There are 2 protein chains.
Amino acid sequence: MTTTAERRERQRTQLIDAAEKAIAEKGLAGLKARELAQEIGCALGAIYNLVADMDELVLRVGSRTLARLDAALSAAEGKDTPASTDAAADRLVAVALAYCAFARDNLQLWRVLFEHRMAEGAVVPDWAVSEQMTLFRHILEPLSVLLPDRSEPECMLMSRTLFSAVHGVVAIGLEEKLIAVPRQDLDRQIEGLVRLVCKGLSVPD
Amino acid sequence: MTTTAERRERQRTQLIDAAEKAIAEKGLAGLKARELAQEIGCALGAIYNLVADMDELVLRVGSRTLARLDAALSAAEGKDTPASTDAAADRLVAVALAYCAFARDNLQLWRVLFEHRMAEGAVVPDWAVSEQMTLFRHILEPLSVLLPDRSEPECMLMSRTLFSAVHGVVAIGLEEKLIAVPRQDLDRQIEGLVRLVCKGLSVPD
DNA sequence: GAGAAATTTTGAACACCGTTCACAAAGCTT
DNA sequence: AAGCTTTGTGAACGGTGTTCAAAATTTCTC
């Protein structure tokens with residue numbers, strides 16, 4: 001016997017599935033409540049029994065994307081923790097390139113992680129925040145090897161900066177604006193940037 | 001005697017003024033056709049005699065923002081072209097910091113430059129593209145001093161990468177997401193990043 | 001200048017959006 | 001089976017950008 005709660009949970013999953021598919025195919029602007037209702041076979045208003053509003057739905061899709069991104073980055077780095085600075089640099093490069101590859105392969109879903117701003121005044125839920133933070137271990141760990149004599153907060157700060165820098169190159173590179181790094185040069189430029197930073201960090205002033 | 005064309009041109013300017021003000025105060029989502037019509041004292045439909053659609057209006061506002069950004073960057077760099085690599089690095093730092101300051105002081109208008117994507121299939125007009133390209137001279141010029149033995153296309157590529165990297169740090173830093181570099185550390189991190197890259201570029205492998 | 005023709009301005013109407021809510025249907029308890 | 005509670009429904013609401021027949025205005029012609 002399927003309880004009401006179980007069925008609802010299943011339907012909620014269907015809804016997120018449909019939303020994920022819609023965003024992947026048509027972008028965030030292509031996410032329509034009426035289409036979703038038709039897709040999962042329920043009334044328009046029923047959607048609001050499954051999620052509070054469209055914002056929550058987008059957030060849930062983002063959560064999935066973040067989980068897949070985490071998996072992709074984990075797969076990219078070698079199993080063992082890097083001991084030498086060279087290995088740490090290699091690992092940072094691998095993570096950056098994996099980030100770029102993921103963004104390319106999941107363009108629309110990845111964009112949503114950043115282009116979606118909450119409705120006026122609404123606060124991002126805690127679970128969404130902590131999900132984002134866990135991703136930083138992929139950078140923080142190798143970076144700590146490169147910066148053995150800096151404090152943990154300082155390493156964290158540098159992690160954020162490095163992430164933001166690589167993210168910027170990827171984000172603008174995957175737009176088709178003319179100011180962008182051409183797609184064919186993207187991987188090379190990203191690797192170059194990360195190696196440049198690693199070299200700069202390990203060379204004394 | 002004011003001809004029809006003159007009056008129309010004046011009204012178009014009023015419209016862009018109103019749109020600029022609305023975006024600066026309330027963001028891109030706060031740009032409403034009906035409010036603009038009321039603001040400039042014309043009928044709703046009259047807007048479409050002045051611009052083709054809202055996309056064009058946003059583009060025109062962006063054009064103004066780009067012009068002010070160009071002026072801000074020009075003001076930030078010293079008058080004379082840098083001869084030494086040190087001076088070139090200082091200039092790149094100054095430009096990056098000026099970029100950050102401009103973004104901070106013109107947050108909503110600056111965001112529009114990047115977050116606005118054209119409606120399906122519509123192509124960005126040529127004038128908008130060339131405007132963007134001219135901004136690169138602020139980076140390309142000092143960078144050429146730092147990279148005397150690289151080809152011009154290679155310098156251009158490096159310019160795009162460096163711009164994208166700094167842009168990423170600024171863009172994420174000015175969001176209030178927790179993954180961001182804290183605002184108080186932003187300037188320091190940007191300077192650090194640019195100096196790191198400059199150092200890496202001038203040191204032989 | 002008067003009248004006709006062309007042009008411009010108007011705002012109601014249209015298509016579409018997310019969201020709500022009175023009501024109908026279904027499920028559950030007694 | 002009856003009554004009560006929970007859930008599903010889709011028309012309706014307020015909002016958006018855009019259109020277009022008609023009204024107002026300007027321009028042209030004689």
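All values below come from the heavy atoms of this structure, side chains included, with hydrogens, waters and symmetry mates left out. Please read these numbers as outputs of a predicted model, since none were measured by experiment.
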In whole Å, I'd like the distance from the [atom1] atom of [X] to the [atom2] atom of [N].
X: B:Gln38; N: D:dT16; atom1: CD; atom2: C1'; value: 16 Å
X: B:Asn49; N: C:dT9; atom1: CG; atom2: P; value: 6 Å
X: B:Ile47; N: D:dC20; atom1: CD1; atom2: P; value: 17 Å
X: B:Arg7; N: D:dA24; atom1: CZ; atom2: C1'; value: 12 Å

Where do N or O atoms of nucleotides 16-20 of chain C meet protein N or O atoms at under 3.5 Å, pair by pair?
from   : atom 1 : to      : atom 2 : distance (Å)
C:dC17 : OP1    : A:Lys32 : NZ     : 3.2
C:dG18 : OP1    : A:Leu31 : O      : 3.1
C:dG18 : OP1    : A:Ala33 : N      : 3.4
C:dG18 : OP2    : A:Ala33 : N      : 3.1
C:dG18 : N7     : A:Arg34 : NH1    : 2.8
C:dG18 : O6     : A:Arg34 : NH2    : 2.9
C:dT19 : OP2    : A:Tyr48 : OH     : 2.7
C:dT19 : OP2    : A:Met54 : N      : 3.2
C:dT19 : O5'    : A:Tyr48 : OH     : 3.3

- [ ] For C:dT9, take OP1 and OP2 only and decide whether either is under 4.0 Å from a side-chain N or O of B:Arg8.
- [x] yes
Task: Side-chain (B:Arg8) to main-chain (B:Asn49) donor-acceptor, under 3.5 angstrom - done: yes
- [ ] Give a yes or no answer on whether the side chain of B:Arg137 reaches the backbone of B:Thr134 with a donor-acceptor pair at less than 3.5 Å.
- [x] yes
Donor-acceptor contacts under 3.5 Å from residues 180-198 of chain A side chains, at least two apart:
from     : atom 1 : to       : atom 2 : distance (Å)
A:Arg183 : NH1    : A:Glu176 : OE2    : 2.7
A:Asp185 : OD1    : A:Arg188 : NH2    : 2.7
A:Asp187 : OD1    : A:Arg104 : NH2    : 3.1
A:Gln189 : OE1    : B:Thr161 : OG1    : 2.5
A:Glu191 : OE2    : A:Arg195 : NE     : 3.1
A:Glu191 : OE2    : A:Arg195 : NH2    : 3.3
A:Arg195 : NH1    : A:Asp90  : OD1    : 3.2
A:Arg195 : NH2    : A:Asp90  : OD1    : 3.1

Task: side chain to side chain contact (heavy atoms under 4.5 Å, CB included) evaluation trace for A:Arg64 with A:Asp17 - done: CA-CA 10 Å; A:Arg64 284 190 182 184; A:Asp17 286 344; 2.8 Å; yes
Task: Atom CZ of B:Arg12: over 12 foreign heavy atoms under 6.0 Å - done: yes
- [ ] Kindly state which residues belonging to residues 11-25 of chain A come within less than 4.0 angstrom of DNA chain D, counting heavy atoms of the residue only, listed by number.
- [x] none
- [ ] Would you confirm whether the ring centroid of A:Tyr99 sits within less than 6.0 angstrom of the ring centroid of A:His138?
- [x] no
TODO: Enter the distance from B:Cys155:SG to B:Leu143:CG here, rounded to the nearest 0.5 Å.
DONE: 5.5 Å
TODO: Kindly assign one of parallel, tilted or perpendicular to the pair A:Phe163 and A:Phe136, based on the angle between their ring planes and the thresholds 30° and 60°.
DONE: perpendicular
